[in-house]
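In what follows, chains are A, B, ... by sequence order, proteins preceding strands, each numbered from 1. The figures here come from the full heavy-atom set of this structure, side chains too, leaving out hydrogens, waters and symmetry mates.
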Number of protein chains: 2
Amino acid sequence: MKESAAKTRILTVASKLFYEQGYNSTGINQIIDEADIARGSLYNHFPSKLDLLSAYIEQAENLWFTALETYLVPIKDPRSKLLAIFDFREEEQSKIAFRGCQFAKVMAELSKDDLRIFEQVSREKDKLKLYIKNLLAQIDLKNPSALTSDMICEAIFLLLEGSTVAASLYKGEASIKNAKTIVAALL
Amino acid sequence: MKESAAKTRILTVASKLFYEQGYNSTGINQIIDEADIARGSLYNHFPSKLDLLSAYIEQAENLWFTALETYLVPIKDPRSKLLAIFDFREEEQSKIAFRGCQFAKVMAELSKDDLRIFEQVSREKDKLKLYIKNLLAQIDLKNPSALTSDMICEAIFLLLEGSTVAASLYKGEASIKNAKTIVAALL
DNA sequence: GTCTATAGCTGGATAGAC
DNA sequence: GTCTATCCAGCTATAGAC
C-alpha cells in the first residue's frame, strides 16, 4: 500500500513551501518545479490545491505530535514533562527562525468558509489539550492559584499558543521562556 | 491638511478587505472597484500594495487602542480595568465572527523579509504591554503565584494573544472567558 | 500515471491623455 | 489628480497525447 514516489515528493515540497512562504503565496508552478514532477501528476494525486493543503495539515499534525512525544520520552516526572513542552517549542521555533505555529499560519490565511481545514486543525489542538490534561492528572497540584485542573490545562494551552505568536512577532525565544516560568508558578 | 476623499475611501475599503479576506487574497482590482476610484488614483496615493498595507496597520493600531481606552473609561478600579480588557476583546471578536487579531493575521501572511511591517506591529504590542504594566502598578498584588509584576504583565499579554487565536480557531468566546478567569486568579 | 500545451483569469504595476 | 488602456507575469485547472 506504498504511495507513489511522486506523491510523496509533492507533499514534501509543498509542506516546505506552504510553511516557509505561506499557502496563498505558493503557486502550483513552484511546487511542480521543485518536486520535479509534471503538472498533470499533481492534479492526479491531489484534485485541487486545497486538497493538497489538507494533506499537508494532516501530515504535519502527525509529525509534530510524534516529535513532541519522542522529545518527552526521556523525562519521567509529569511536572517536568509539562514544562518541557515549552522547551520543545522553543527548540523547534528557534530552528526555523521563529516563523510561528504551522497551523495558526494556515488558519490566518484561510477564508472562513474553509471549514474542513478549521476542523482538522481544531482536532489537532484538542489532542494536545488531552495530552496536557493526562499529565496534569498525575500531578499533586499545590494549587496556589485556586484554579481547577481543567483551567490550568487551558492556561498551559493558551500560554503555549500566545507565546508562539509573540515569539514570531519579536523573532526571539523570550516569550516562550516567560510562558514556561508562568506555568511553573501555576503547577 | 485634509486628506483627499479618494485616499480616505481607498484606505477604508482596503482595511475592510484586508481583514475580512486577508492581504494576499485581496487584489488591487477589488479595492478600486469597491472604493469606486481609478487605478491610477490608487497608485498616486499609495506607491505600492505594501504601502497600502502599512497605512492600514497604522490606522488600525490607532483605532484599536482608542476603542480600548474608551471602553475602559467608565471602569475605575484598575484590577477591574485589567479584567475588562478581556471583555473588550470578547465583544470585539464576537462582532466579527471570531476572525482573530488583525495584526496577527497580517504577520502570518507576510514574508519574513517585510521587516517594516513586523516592527510596526511590535510597536503596537509594546504599547499595550506598557498600558497593562501601568495598571498593574496601581494594584496591591496579593501575589498568590509568586510571580513578579513584570511576569504577570507578560502573562496577561500572552493569555490575551493566545485566547484570541484559540477563539478564532474554535469560533467561540470560551477561550477568552477562560483567559479572563485565569488572569483573575493571578491578580 | 505521467507528460506537454494551453486555456482563461487575475495579479501588481505603468503610460499617457485630459 | 484622476482617468482609461494595457503590459506581462503569475495563477489554478483542464485536455489530450503517449
Please give, in whole Å, the distance from [N] [atom2] to [X] [atom1]?
X: A:Ile32; N: D:dT14; atom1: CD1; atom2: P; value: 15 Å
X: B:Leu42; N: C:dG11; atom1: CG; atom2: P; value: 13 Å
X: A:Asn44; N: C:dT4; atom1: CG; atom2: P; value: 15 Å
X: A:His45; N: C:dC3; atom1: NE2; atom2: C1'; value: 13 Å
X: B:Leu17; N: C:dG11; atom1: CG; atom2: C1'; value: 15 Å
X: B:Leu52; N: C:dG11; atom1: CG; atom2: P; value: 14 Å

Exercise for review: Over all heavy atoms of both residues, which pair between A:Gln102 and A:Ala60 is shortest? Give the atoms and the distance, please.
Suggested key: NE2-CB, 3.8 Å

If you restrict it to nitrogen or oxygen atoms, what contacts under 3.5 Å exist between nucleotides 5-12 of chain D and the protein, and what is each distance?
unit_1, atom_1, unit_2, atom_2, d
D:dC11, OP2, A:Asn29, ND2, 2.7
D:dT12, OP1, A:Lys49, NZ, 2.8
D:dT12, OP2, A:Ile28, N, 2.4

Practice item. Share the residues that join A:Val165 in a hydrophobic cluster, the rule being Ile, Leu, Val, Met, Phe, Trp or Tyr side chains under 4.5 Å apart at the heavy-atom level. Key: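 Direct or chained contacts put A:Val165 with B:Val165.
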
Review point. Side chains of B:Arg99 and B:Ser168: do they bring a donor and an acceptor to under 3.5 Å?
Key: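 Side-chain D/A pair, B:Arg99 to B:Ser168: absent.
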
Practice item. Would you tell me whether A:Glu173 and A:Ser94 have side-chain atoms, one donor and one acceptor, within less than 3.5 Å of each other? Key: no

Review point. How would you list, by chain and number, every residue that makes a side chain to side chain contact (heavy atoms under 4.5 Å, CB included) with B:Leu115, sequence neighbours excluded?
Key: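 For B:Leu115, the residues satisfying side chain to side chain contact (heavy atoms under 4.5 Å, CB included) (neighbours in sequence not counted) are B:Glu119.
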
Practice item. From the options D:dC3, C:dC3, C:dT2, select the nucleotide whose nearest atom is closest to the side chain of B:Ser41. Key: D:dC3

Exercise for review: Return the orientation label for the A:Phe18 and A:Tyr23 ring planes: parallel under 30°, perpendicular over 60°, tilted otherwise.
Suggested key: perpendicular

